[in-house]
J.: 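Quick one: the structure is below, and I'll ask about it shortly.
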Amino acid sequence: MRIATWNINSVRLRIGLVEQFIDEHKPDVICLQETKTVNETFPAAALAAKGYKHQHILGMKSYNGVAILSRLPLAKTGVKNWHNREDCRHIFAELPDGTEVHCCYVPAGRHIPDPKANPKFAHKLGFLDEQTAWWKSRKDKSKATILVGDLNVAPLEHDVWSHKQMLGVVSHTPIEVEKLLNWQKAHNWVDAVRHFVPHDQKLYSWWSYRANDWEASDRGRRLDHIWVTPNLTASLKKTKTLKHARGWDPKPSDHVPVIVDIG
DNA sequence: ATGGTAGCGTAGCTA
């Protein structure tokens, strides 16, 4: 089973790139974030034609939006809301073998890393806290579960181009890293990507649009994650982060797809 | 320290 996560930054604008990604990598399940469209205008037919007949989508106008697209049937689909908002950031579904898949888009939190001065950062921290509490209180801890998405935090030193220079930059501040790692601990999540890629090796899934030359400067961050419950660890086969997709023509997303093969 | 780009939707918010 191949699962992929990709912050697509408008699924309507980039449906062609999604189709290219499908042709080249043939994932069984694709989780998208920042689809940026209401369900009525989501390109459901184009994706069904590619074999993804089972779709659980949740979108709103202009912002956010998540989707689980699957070649395999999806059951027990649902939505989670955090921080008292219905802002289309978290959906889940169950695969035929009973594995639960969560597709999540954590708020970015804007620039100022101070929850008092910046309500968007407060929202991000609250979102992380509520996720942590919810997963901690879950009773079915042994249920095979995969959580993927743009978590908007690069937790490890080598998940950013410069740990030192990024300590004060939202996405890598100590408070966010602590909260993301607490969320990980709360459900014993295994970082399926770092399971394969050594912690001292740089790995990014996002490069800013604002760089003159994203590839030359290579100031990336690993914001997109695939986590699995410990009972799936033995089934992890391999992972791939498609760095070259950041250069796809004509209009790449600022995030690239992250893939894990399981079972 | 600042400003740099992108998408939606057509101003300004969000990233």
Side-chain angles (χ1 to χ4, degrees), chain A residues 5-21 31-44 46 57-67 81-90 103-115 117-128 148-155 159-162 164-173 176 179-180 204-225 243 245-258:
Chain A
T5 181
W6 194 7
N7 178 321
I8 193 63
N9 187 20
S10 175
V11 69
R12 286 182 291 170
L13 186 68
R14 276 182 257 283
I15 183 64
L17 291 187
V18 177
E19 288 168 335
Q20 180 183 338
F21 170 61
C31 295
L32 300 175
Q33 303 85 38
E34 281 207 89
T35 54
K36 292 189 170 178
T37 180
V38 293
N39 292 357
E40 289 71 25
T41 47
F42 187 93
I57 61 178
L58 180 70
M60 58 191 277
K61 192 179 171 182
S62 300
Y63 303 112
N64 311 329
V66 283
N81 287 311
W82 308 102
H83 216 72
N84 266 323
R85 294 168 199 227
E86 296 182 9
D87 54 359
C88 305
R89 292 180 181 274
H90 187 163
C103 175
C104 188
Y105 176 48
V106 174
R110 299 208 75 178
H111 293 299
I112 304 164
D114 174 359
N118 173 10
K120 302 283 179 194
F121 193 68
H123 177 206
K124 182 178 197 174
L125 298 183
F127 188 102
L128 294 170
V148 311
D150 176 4
L151 305 186
N152 262 317
V153 180
D159 290 341
V160 293
W161 64 279
S162 166
K164 213 172 164 182
Q165 287 178 257
M166 287 289 297
L167 278 170
V169 177
V170 170
S171 72
H172 194 63
T173 64
E176 292 166 85
K179 287 185 187 298
L180 192 82
Y204 316 134
S205 64
W206 174 90
W207 292 259
S208 173
Y209 281 126
R210 296 176 188 177
N212 288 324
D213 184 335
W214 71 272
E215 200 167 16
S217 57
D218 201 23
R219 295 185 169 190
R221 307 177 197 173
R222 190 172 71 103
L223 304 178
D224 302 276
H225 299 270
K243 181 174 183 177
R246 181 61 180 80
W248 275 350
D249 274 335
K251 282 171 166 281
S253 170
D254 46 355
H255 296 252
V256 300
V258 179

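Note on naming: letters A, B, ... go to the chains in the order of the sequence lines (proteins, then strands), and numbering restarts at 1 for each one. What you see is a predicted model; the values in this text were computed from it and never measured.
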J.: Between B/dA15 atom P and A/H255 atom NE2, what is the distance in whole Å?
T.: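 Rounded to whole Å, this separation is 11 Å.
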J.: Please tell me if the side chains of A/E34 and A/Y105 come closer than 4.5 Å, counting only heavy atoms from C-beta onward.
T.: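 The answer is yes, as the side chains (C-beta and beyond) meet within the 4.5 Å cut-off.
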J.: Please state how far atom CD in A/Q165 lies from atom P in B/dA1, giving the value in whole angstrom units.
T.: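 The distance from CD of A/Q165 to P of B/dA1 comes to 12 Å, rounded to the nearest Å.
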J.: Whole angstroms only, please: what is the OH-P distance between A/Y209 and B/dA6?
T.: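 Distance check: A/Y209 OH to B/dA6 P gives 8 Å.
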J.: Rounded to the nearest Å, what distance is computed from the CG atom of residue A/D213 to the P atom of nucleotide B/dT5?
T.: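 Going from CG in A/D213 over to P in B/dT5 covers 14 Å.
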J.: Is there a side-chain contact between A/Y204 and A/R219, using heavy atoms and a 4.5 Å cut-off?
T.: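 No, side chains not in contact.
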J.: What is the distance from CZ of A/R110 to P of B/dG12, rounded to the nearest Å?
T.: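 The answer, rounded to whole Å, is 14 Å.
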J.: Quantified in whole Å, what is the C1' atom distance between nucleotide B/dT14 and nucleotide B/dT10?
T.: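 The same atom, C1', in both gives a distance of 16 Å.
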J.: Looking only at atom P, what distance separates B/dG3 and B/dG7, rounded to whole Å?
T.: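 Their P atoms lie roughly 22 Å apart.
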J.: Rounded to the Å, how far apart are A/I8 CD1 and B/dT14 P?
T.: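 Interatomic distance, CD1 of A/I8 to P of B/dT14: 22 Å.
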J.: State whether A/K251 places a side-chain N or O below 4.0 Å from either non-bridging phosphate oxygen (OP1 or OP2) of B/dA6.
T.: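 For A/K251, the contact criterion (side-chain N or O under 4.0 Å from OP1 or OP2 of B/dA6) is not met.
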J.: Determine whether any donor atom in the side chain of A/Y63 lies under 3.5 Å from an acceptor atom in the base of B/dC8, or the reverse, and answer yes or no.
T.: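 Looking at the base of B/dC8, it does not pair with any donor or acceptor on the side chain of A/Y63 (distance under 3.5 Å).
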J.: Are OP1 or OP2 of B/dG9 and a side-chain N or O of A/R12 less than 4.0 angstrom apart?
T.: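 Yes, A/R12 has a side-chain N/O under 4.0 Å of OP1/OP2 on B/dG9.
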J.: Which listed nucleotide (B/dG4, B/dC8, B/dG7) is nearest to the side chain of A/R14?
T.: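 Of all the options, the side chain of A/R14 is nearest to B/dG7.
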J.: Closest approach to the side chain of A/R210, judged atom by atom: which nucleotide of B/dA6, B/dC8, B/dG4 is it?
T.: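 When the side chain of A/R210 is considered, B/dG4 is the closest of B/dA6, B/dC8, B/dG4.
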J.: Is any NZ, NE, NH1 or NH2 atom of the basic residue among A/D218 and A/K243 found under 4.0 Å from an Asp or Glu carboxylate oxygen of the other?
T.: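 A/K243 and A/D218: salt-bridged.
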J.: Salt bridge or not for A/E215 and A/R246, using N-O below 4.0 Å?
T.: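 Salt bridge between A/E215 and A/R246, a charged N being under 4.0 Å from a carboxylate O: no.
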J.: Any side-chain heavy atom of A/P43 sitting closer than 4.5 Å to one from A/V11?
T.: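 They are in contact (side-chain heavy atoms under 4.5 Å apart), so the answer is yes.
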J.: Please report the distance separating the C1' of B/dC13 from the corresponding atom of B/dG9, rounded so that it comes out in whole Å.
T.: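 Between the two C1' atoms, the distance is 11 Å.
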J.: Will you find, in the side chains of A/T5 and A/Q33, an N or O donor that is under 3.5 Å from an N or O acceptor?
T.: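 A donor-acceptor contact under 3.5 Å links the two side chains.
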J.: Rounding to an integer number of angstrom, what distance separates B/dA6 and B/dA11 when you compare their C1' atoms?
T.: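 After rounding to an integer number of Å, I get 16 Å for this pair.
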J.: Which nucleotide wins on minimum distance to the side chain of A/K61, given the candidates B/dC8, B/dA15, B/dG9?
T.: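 Closest nucleotide to the A/K61 side chain: B/dG9.
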J.: Roughly how many Å is it from CG in A/D254 to P in B/dG4, rounded to a whole number?
T.: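 From A/D254 CG to B/dG4 P: 18 Å.
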J.: For B/dA6, does OP1 or OP2 lie under 4.0 Å from any side-chain N or O of A/K36?
T.: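 For A/K36, the contact criterion (side-chain N or O under 4.0 Å from OP1 or OP2 of B/dA6) is not met.
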J.: Pick base, sugar-phosphate or nothing for A/R89, based on heavy-atom distances below 4.0 Å to the nucleic acid.
T.: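 The answer is sugar-phosphate, as A/R89 gets under 4.0 Å only of primed atoms, P, OP1 or OP2.
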J.: What is the distance, to the nearest angstrom, from the CZ atom on A/R246 to the P atom on B/dT5?
T.: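 Taking atom P of B/dT5 as the reference, CZ of A/R246 is at 13 Å.
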J.: A/S62 has a side chain; which of B/dA15, B/dG7, B/dG9 sits nearest to it?
T.: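 Among B/dA15, B/dG7, B/dG9, the one nearest the side chain of A/S62 is B/dG9.
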J.: Starting at the 5' end of DNA chain B, which residue's closest nucleotide do you reach first, A/N64 or A/V11?
T.: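 Per heavy-atom nearest nucleotide, the more 5' residue is A/V11.
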J.: Could you measure between the two P atoms, the one in B/dT2 and the one in B/dA15, and give it in whole Å?
T.: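 After rounding to an integer number of Å, I get 22 Å for this pair.
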J.: Taking the nucleotide of DNA chain B with the closest heavy atom to each, which residue, A/N152 or A/A211, is nearer the 5' end?
T.: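 So the residue in question is A/A211.
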